[in-house]
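What follows is one structure encoded as structure tokens, with my remarks underneath.
Lettering follows sequence order; numbering is per chain, from 1.
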There are 2 protein chains.
Amino acid sequence: MSIAPRGRGSAAPSATPAGTVVPLEDEVSPSLVDFVVDAIVDGVMSGRYAQGQRLIAADLASEYNVSRAPVREALHMLAGEGVVELLANRGARIRRLSAQERIDFLEFTEAICVLGVRLATSRMSDPACRERIVRAFEPIEDAAARRHDRDFVDALYRYHIELNTLSGNQFLEFFYRRPHMRFYTTLLSDMAPGGHWDQYLLNYRLIHDMITSGDAHSAVITFTSHIRWVLRNMRLASAAAAA
Amino acid sequence: MSIAPRGRGSAAPSATPAGTVVPLEDEVSPSLVDFVVDAIVDGVMSGRYAQGQRLIAADLASEYNVSRAPVREALHMLAGEGVVELLANRGARIRRLSAQERIDFLEFTEAICVLGVRLATSRMSDPACRERIVRAFEPIEDAAARRHDRDFVDALYRYHIELNTLSGNQFLEFFYRRPHMRFYTTLLSDMAPGGHWDQYLLNYRLIHDMITSGDAHSAVITFTSHIRWVLRNMRLASAAAAA
DNA sequence: TCTGTCAATTTTGCATACAAAATTAGGCGA
DNA sequence: TCGCCTAATTTTGTATGCAAAATTGACAGA
């Protein structure tokens, strides 16, 4: 586990029994709130916190060796992001997405990412941009070779971060980089490549080729078709599971 | 101004000088955090808080007659939403969007709303759905007749809320209803209809006709063309202002 | 007049205290 | 055994205190 920075207030919360993490002055001092936010997001990504799990402020406080105040502020921040949900008088839970909501989220993401694909593709005449995209594709190949679904979905997420950054649309970049997008995207890894690793990778290679060739229209068509195919698979799997 | 509910803690914060709002037990008691969040969002919508304005926690606390704790939690929540930005050791400001960021935001919104337009249009065979959309269009006509840009943009926002709700995509609905979408959309009213009221309204009537006719493809094309036209106008106006 | 410095003031960030709501545990009757 | 009631415990929501960072303001020197 990491170590909480320490700035102001008075000191670390009083009780510091045997095995707890002692806070130390690091180089810089981001706020404890940021520290806790990052820790919780990491915990969710790594699967340490499960969907729907209740988060007890006091437990988090002692785990990260801070008081409840920054923990509660962090939880409210994450609630604003949509990563946790706050129940009146009953604290915070990691937000849980039903299969349907995850399907809906992917459909939503398609709409967002299409914009990034379209705008970034029209910048491929710049070799430096093209190079960034080419490099961002490598982890996708790597994760697919290892058949590691979590890494695969994460690599796809990072690939689209690159696209959205190159798009030149600041808002798109800002939005896609926020923790909630990473959080929700991670939740897709349960369903994403499913049993279709080969076709999935083939599709993305095609998308990548279209993007790097600078043909925005074809890139959009190819990307959209791929996501619609994934959505069909997810809906089929979901219907099968219900029956 | 409204009145803060009161639940637990101990009581209202000690000092209650002459003209301050005395908290009262209302029917229900949503948390003070929710109360403050709503109050700040309302303040931003109504223009009482300006873009970039610094929000002093202690001032808000005494204004709403609560302590700083719920105010800080509310500010963190709004920071998670992207309505305010938190600067380290320097508190909160209402988020300010540059002209370029507002243009980028509209381009982003296009991508989102296209999904709602497409999905909702395919539901127009249900008369009840169609009726809701038809009614949601009336405030648009009304605001346009009054040439009231803020109301106009707000009516457009609500119209798209209806579309996104009818879309059946729960995530789209969830996302579009969040305060930050309303907040950012409101910021567009500076630039939105600009000097093009008549064409803008004509375009939206056409979009509305396409949607209610149930022709999803045409609805998407019409909507996209309209937003691209608005984007061109905004970019021209922005370039002209820079020169 | 402008600019830089330093003390006074303001404001933030965090820890802590405590009442009320929620949860848990234990016991009692069916 | 099961369900229900009540008391003990946990947990939340809010208020408050205080040290450090940021801001303000007054003042000296250019």
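- The residue B:Leu75 sits apart from the nucleic acid: no heavy atom pair falls under 4.0 Å.
- A donor-acceptor contact under 3.5 angstrom links the side chains of A:Asp104 and A:Gln100, judged on distance only.
- The aromatic ring centroids of A:Phe105 and A:His180 lie 6.0 Å or more from each other.
- Across the protein-nucleic acid pair, A:Leu55 atom CG and C:dA22 atom C1' stand 17 Å apart, rounded to whole Å.
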Exercise. Please walk me through it: do A:Arg102 and A:Tyr184 pass side-chain hydrogen bond (donor to acceptor under 3.5 Å, both in side chains)?
Worked result: CA-CA 8 Å; A:Arg102 277 179 282 178; A:Tyr184 291 133; over 6 Å; no
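- The distance between atom CG of B:Leu87 and atom P of D:dT23, rounded to the nearest whole Å, is 9 Å.
- Of the candidates D:dT14, D:dT12, C:dC14, the closest approach to any side-chain atom of A:Val33 belongs to C:dC14.
- If you check every strand for non-hydrogen atoms under 4.0 Å, A:Leu86 touches nothing.
- Rounded to a whole Å, the CG atom of B:Asp59 is 18 Å from the P atom of C:dT9.
- The distance between atom CG of B:Leu60 and atom C1' of C:dT11, rounded to the nearest whole Å, is 12 Å.
- Computed from coordinates, the B:Arg68 CZ to C:dA17 C1' distance equals 16 Å when rounded to whole Å.
- We find that CG of A:Leu32 is positioned 14 Å from P of D:dA20, with the value rounded to whole Å.
- Of the charged side-chain nitrogens involved, none lies within less than 4.0 Å of a carboxylate oxygen, so that A:Glu162 and A:Arg158 do not count as a salt-bridged pair.
- The phosphate of C:dG13 (OP1 or OP2) has a side-chain N or O of B:Arg72 nearer than 4.0 angstrom.
- Residue A:Pro70 has its side chain nearest to C:dC14 when only D:dT12, C:dT12, C:dC14 are considered.
- Mapping B:Arg54 and B:Ala69 onto DNA chain D by nearest heavy atom places B:Ala69 closer to the 5' end of the strand.
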Listing, residues 232-243 of chain A side-chain donor-acceptor contacts under 3.5 Å, not counting sequence neighbours, or none:
none

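- If you find the closest nucleotide of DNA chain C to A:Ala88 and to B:Ala58, the one lying nearer the 5' end belongs to B:Ala58.
- Taking atom CD on B:Glu73 and atom P on C:dA15, their separation rounds to 14 Å, with Å as the unit.
- Within the 4.0 Å cut-off from OP1 or OP2 of C:dA21, not a single side-chain nitrogen or oxygen of A:Arg90 is found.
- Between the CZ atom of A:Phe35 and the P atom of C:dG13 there is a distance of 17 Å, given to the nearest Å.
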